Amino acid sequence: MNNDNKKENYEHHTPTGLFADKALPSDSNNNAKTSHSTVSKTAAQSRVTHDNQSISTEAVPPATTNVTKKTIASGEALKLAVVGHTNTGKTSILRTLLRDVYFGEVKNEAATTRHVEQASLTDSQTGEVLVALYDTPGLEDASGLMDWLEDNTASRRDGIERLQQFLASDIAQGADSGVLDSYDYSQEAKVIRQLLASDMAIYVVDAREPVLGKYKDELAILSWAAIPVMPVFNFTDSQNANIDDWQTMLARRNLHISTRFDSVAFEFEDEMHLWQNLATMLTHSEMLEQLMQRRTEDWAQLYDEANIIIADFLLNVASFVREINEDDDPMPVLEQMQEAVRQSERAMQHNLLNLYKFYDNAVAATPLELQAYQQDPFDPELLKSYGIRTTSGAAAGALLGLGIDAAALGTTLGLGAAIGGIAGGLLSNTSSIADRITGVKRLYIDPATLTLLATRAIDLLTALRHRGHAATDATQLLYKGEKSSLETSSNDDSNSNTDKDSNPITVWPANKLPSELKKARGKPQWSSLSSGKSEQAQLLRADMAWSLSGKLQTYKRES
């Protein structure tokens with residue numbers, strides 16, 4: 001079915017799906033009443049994300065006219081309803097699947113979603129809609145609804161007929177029906193209408209919750225819709241997860257296929273397992289297979305692009321050089337160079353955030369709000385915290401944290417012959433003989449600072465790849481069982497027996513820069529910080545950035 005037909009169906013309130021006619025009450029007057037009472041928004045608000053995901057925040061109209069029952073056909077987009085109890089993280093899961101921090105509304109309170117919202121996952125190359133997602137309101141009182149169904153519908157009728165009878169009743173209409181608020185099941189009605197108009201559903205479970213009777217009633221009601229339902233465990237990274245108890249209960253209800261998908265502590269493999277498990281429950285799974293292939297390719301491409309962003313930044317900083325006369329005070333120039341590097345790092349960090357769709361805004365906290373990313377890269381204590389020791393002896397105390405190649409400073413700081421004995425990976429001044437005759441000195445960013453900048457950038461990238469788009473806390477960064485370089489360093493400092501040389505916490509030892517960064521130190525024209533010519537400098541270092549990005553991927557901390 002093409003998009004024009006889908007649009008026309010919605011405009012005429014015509015449902016499509018596996019059992020589209022199941023949502024339709026038999027009485028036309030009840031149909032009109034149902035339509036009037038459940039549409040909570042009339043003006044559609046839609047947009048398209050950078051992943052070509054069309055998102056509509058309108059209330060999806062309920063089904064109101066009879067159509068011929070049909071099953072999902074080969075090549076047709078899958079209509080997937082996301083259902084579950086209130087506050088289990090349905091919208092959170094959709095945010096992470098959509099890579100969209102703006103979708104829906106996420107709050108730590110019940111019944112945040114009050115109407116059905118639609119979004120689409122598309123093929124990033126062709127724009128073809130592969131999966132239509134429907135975020136539904138939370139099931140607030142399934143036990144009460146089950147009591148009503150048992151009292152007012154005949155047990156001899158099948159589940160679909162009993163649900164249709166409920167949808168035609170006054171309690172399903174909400175405020176317009178005139179019934180008491182205590183008997184208002186309009187939110188449940190919205191869920192059931194969408195469920196019956198969908199091909200399949202995922203039932204979101206807060207893994208931290210104990211198995212209660214209300215959840216059993218929810219599953220019983222959902223089963224009456226006669227479509228495949230797959231439980232999805234959210235918040236699985238919590239120490240209070242009760243997954244074993246849940247799986248036992250689900251098995252007793254013939255729900256043997258489930259999956260884990262934490263919307264905060266994200267794992268790309270978990271998302272692939274989600275789609276794979278859904279595919280096993282379908283007769284025609286071509287669209288899901290296409291989705292998995294495309295998202296796998298896109299995920300790999302994102303990683304390549306991110307490493308190029310980091311490599312380009314490091315080369316830009318490594319080739320940064322300023323010249324001063326031998327008798328000039330270097331401190332004003334040093335301060336200018338430091339500030340230029342700070343701004344360049346901040347720009348790189350924001351490029352990574354934007355690449356992975358984490359925007360620095362009020363919707364969700366970003367990793368940059370962590371102190372580790374706010375701390376000045378030229379802070380001596382930060383260098384120490386990463387286990388970076390640039391020099392030794394009296395010279396170390398004077399030079400640590402300047403971030404400039406110490407040998408280039410000569411006797412300006414009054415260190416005299418002590419400079420000549422400094423080790424720790426500092427490269428010697430590369431000034432030519434002509435420079436020495438004319439008394440010119442060249443200042444570069446030192447290897448220790450380059451090493452710190454590289455390590456911090458890769459830590460940020462790792463955090464972004466394991467952070468769900470529903471994360472609202474800036475500290476929700478690291479993936480399961482892992483620590484950042486900074487945390488590892490802090491633990492190492494508390495253990496004097498730790499061998500940091502055998503277990504380095506930086507991407508490389510400070511005295512062993514990659515060859516690309518060493519070469520950059522002799523290419524000041526590569527740096528926009530030196531020349532001020534951003535586009536030209538970037539073109540000059542492009543090939544070297546590609547080469548360095550490949551090496552950066554070997555330092556990843558991911559399995």
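Note that the structure is predicted; figures quoted are calculated from it, not measured. Basis for what follows: all heavy atoms, side chains included, without hydrogens, waters or symmetry-related copies.
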Arg342 bridged to Asp376 by N-O distance under 4.0 Å: yes
Minimum heavy-atom distance Ser527-Ser319, with the two atoms named: CB-OG, 3.0 Å
Sidechain-backbone polar pair: Trp246 side chain, Glu209 backbone, donor-acceptor under 3.5 Å: yes
Pairing residues for Ser547 by the side chain to side chain contact (heavy atoms under 4.5 Å, CB included) criterion, not counting sequence neighbours: Glu516
Step-by-step side chain to side chain contact (heavy atoms under 4.5 Å, CB included) determination, Gln293 to Thr296: CA-CA 5 Å; Gln293 178 181 354; Thr296 299; 5.9 Å; no
Main-chain N/O of Arg208 paired with Asn242 side-chain donor or acceptor, under 3.5 Å: yes
Nearest-0.5 Å distance, CZ of residue Arg456 to CG of residue Leu382: 5.5 Å
Residues which pass side chain to side chain contact (heavy atoms under 4.5 Å, CB included) with Gln276, listed by chain and number, not counting sequence neighbours: Met272, His273, Met292
For Glu335, side chain to side chain contact (heavy atoms under 4.5 Å, CB included) partners two or more places apart: none
Test item: His466 and Glu267 side chains (from C-beta on) under 4.5 Å apart, heavy atoms: yes
Side chain to side chain donor-acceptor pair (under 3.5 Å) partners of Gln343, counting only residues at least two apart: Glu339
Residues that Glu305 engages under salt bridge (Lys or Arg N to Asp or Glu O under 4.0 Å), provided they are two or more places apart: none
Side chains of Arg295 and Leu130 in contact at under 4.5 Å (non-hydrogen atoms): no
Main-chain N/O of Asn277 paired with Thr280 side-chain donor or acceptor, under 3.5 Å: yes
Distance-minimising heavy-atom pair for Ala448 and Ala510: CA-CB, 4.1 Å
Asp262 vs Asp270, side chain to side chain contact (heavy atoms under 4.5 Å, CB included): CA-CA, chis, key distance, verdict: CA-CA 8 Å; Asp262 197 306; Asp270 288 347; 5.6 Å; no
pair Thr88-Asn234: side-chain heavy atoms closer than 4.5 Å: no
Set of side chain to side chain contact (heavy atoms under 4.5 Å, CB included) partners for Leu539, sequence neighbours left out: none
Gln290: partners by side chain to side chain donor-acceptor pair (under 3.5 Å), with sequence neighbours left out: Asp123, Glu128
Interatomic distance, Ile309 atom CD1 to Gln349 atom CD [nearest 0.5 angstrom]: 12.0 Å
Close side-chain approach of Phe261 and Phe266, heavy atoms under 4.5 Å: yes
Check: Val82 main-chain N/O paired with Thr136 side-chain donor or acceptor under 3.5 Å: yes
Value rounded to 0.5 Å, distance of CG in Leu274 from CZ in Arg260: 13.5 Å
Within-4.5 Å side-chain heavy-atom neighbours: Leu121 and Leu98: yes
Test: Arg465 cationic atom under 6.0 Å from Tyr303 six-membered ring centre, within 45° of axis: yes
Main-chain N/O of Val321 paired to Ser530 side chain as donor or acceptor, under 3.5 Å: yes
Qualifying salt bridge (Lys or Arg N to Asp or Glu O under 4.0 Å) pairs with a residue from residues 522-541, counting only residues at least two apart or across chains: Asp312-Arg541
Nearest-0.5 Å distance that lies between atom CG in Leu78 and atom OG in Ser120: 11.0 Å
Closest non-hydrogen atom pair, Phe320 against Ala340: CE2-CB, 4.0 Å
Separation of Glu381 CD from Tyr386 OH (nearest 0.5 Å): 14.0 Å
Contact summary for Ala311 and Ser549, nearest pair of heavy atoms: CB-N, 3.7 Å
Pair Arg294 + Glu297: basic N to acidic O under 4.0 Å: yes
Partner residues of Asp304 under the salt bridge (Lys or Arg N to Asp or Glu O under 4.0 Å) criterion, sequence neighbours left out: none
Atom pair CG (Leu529) and CG (Asn316), whose distance is rounded to the nearest 0.5 Å: 4.5 Å
For Leu552, the option from Ile308, Leu461, Val507, Ile310 that meets side chain to side chain contact (heavy atoms under 4.5 Å, CB included): Ile310
Partner residues of Phe313 under the ring-ring contact (aromatic ring centres under 6.0 Å, His included) criterion, sequence neighbours left out: none
Nearest atoms (heavy-atom pairs only) where Gln118 meets Phe103: O-CE1, 4.2 Å
Backbone N/O of Trp508 and side chain of Thr506: donor-acceptor pair under 3.5 Å: yes
Heavy-atom pair of closest approach, residues Lys90 and Asp135: CB-OD1, 3.8 Å
Ring geometry between His469 and Phe358 (parallel below 30°, tilted from 30 to 60°, perpendicular above 60°): parallel
Parallel, tilted or perpendicular, as decided by the 30° and 60° cut-offs, for the rings of Tyr356 and Trp299: perpendicular
Results of side chain to side chain donor-acceptor pair (under 3.5 Å) for Trp275 - residues two or more places apart only: Glu271
Heavy atoms from other residues, nucleotides or ligands near NZ of Lys551 exceed 12 (cutoff 6.0 Å): yes
Partners passing side chain to side chain donor-acceptor pair (under 3.5 Å) against Asn351 (at least two apart in sequence or in another chain): none
Asp446 side chain to Thr449 backbone, donor-acceptor under 3.5 Å: yes
Identified side chain to side chain contact (heavy atoms under 4.5 Å, CB included) counterpart of Thr455 within the set Leu453, Leu452, Ile458, Asp459: Asp459
Side chain proximity check, Phe378 to Met337, heavy atoms < 4.5 angstrom: no
Sub-4.5 Å side-chain heavy-atom contact between Val333 and Asp328: no
Beyond-backbone contact of Asn354 with Tyr359, side-chain heavy atoms, under 4.5 angstrom: yes
